[in-house]
Amino acid sequence: MPVNNYGQDEFPRMPVQQRRQGPTPYTEVKRAVYGITWAVWTLLLFVGAVAAMSSDSAGTGLLLLALGCVTAVYDWRIWTWQAKHLWFVVIF
């Protein structure tokens, strides 16, 4: 019977290679670069949402907030090795 100490027993501490199931389709460096890129996008979208809501553009602010949440979830999946494919999105 597992004892729940705020999730400590559910995920015992072990090296990342032992926790992964099967081979990963990307390397640590690629994961870090993509994770940082998606973190920047998330930050920009949340800042844009706050700026839009403070300038009486509630619709635009809510849209940016929703997109920020989607990018935050994807960024979290990258950092926790749950993303099956990495998407690199840069818009100039």
Side-chain angles (χ1 to χ4, degrees):
M1 175 180 273
V3 177
N4 193 353
N5 295 330
Y6 299 106
Q8 292 176 359
D9 292 331
E10 295 175 17
F11 302 106
R13 298 203 181 267
M14 60 180 65
V16 174
Q17 272 72 18
Q18 291 179 0
R19 272 189 276 148
R20 289 188 228 141
Q21 302 293 327
T24 58
Y26 45 90
T27 63
E28 296 262 354
V29 173
K30 193 173 183 181
R31 178 179 72 106
V33 169
Y34 282 46
I36 291 169
T37 302
W38 280 96
V40 168
W41 277 117
T42 302
L43 182 66
L44 289 174
L45 287 169
F46 281 138
V47 168
V50 170
M53 287 184 192
S54 66
S55 66
D56 296 331
S57 297
T60 304
L62 289 175
L63 177 65
L64 290 173
L65 185 64
L67 288 173
C69 290
V70 169
T71 58
V73 168
Y74 184 66
D75 188 37
W76 177 77
R77 290 178 56 84
I78 289 173
W79 287 115
T80 58
W81 292 97
Q82 295 179 0
K84 291 186 170 70
H85 304 286
L86 296 179
W87 299 347
F88 190 69
V89 178
V90 177
I91 300 173
F92 292 101

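Residue numbers start at 1 and run along the sequence shown. In what follows, every heavy atom counts, from backbone to side chain, and hydrogens, waters and symmetry copies are set aside.
Nearest heavy-atom pair, F46 versus A72, reported as atom, atom and distance to 0.1 Å: CE1-CB, 4.5 Å. Considering all non-hydrogen atoms of both residues, Y74 and L86 come closest at OH-CA, 3.2 Å.
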Enumerate donor-acceptor pairs with a distance under 3.5 Å from any side-chain N or O in residues 56-68 to protein atoms, sequence neighbours excluded.
none

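Annotation: side chain of V73 is not in contact with side chain of W38 (no heavy-atom distance under 4.5 Å).
Among residues two or more places apart in sequence or in another chain, the side chain to side chain donor-acceptor pair (under 3.5 Å) test is passed with W76 by none.
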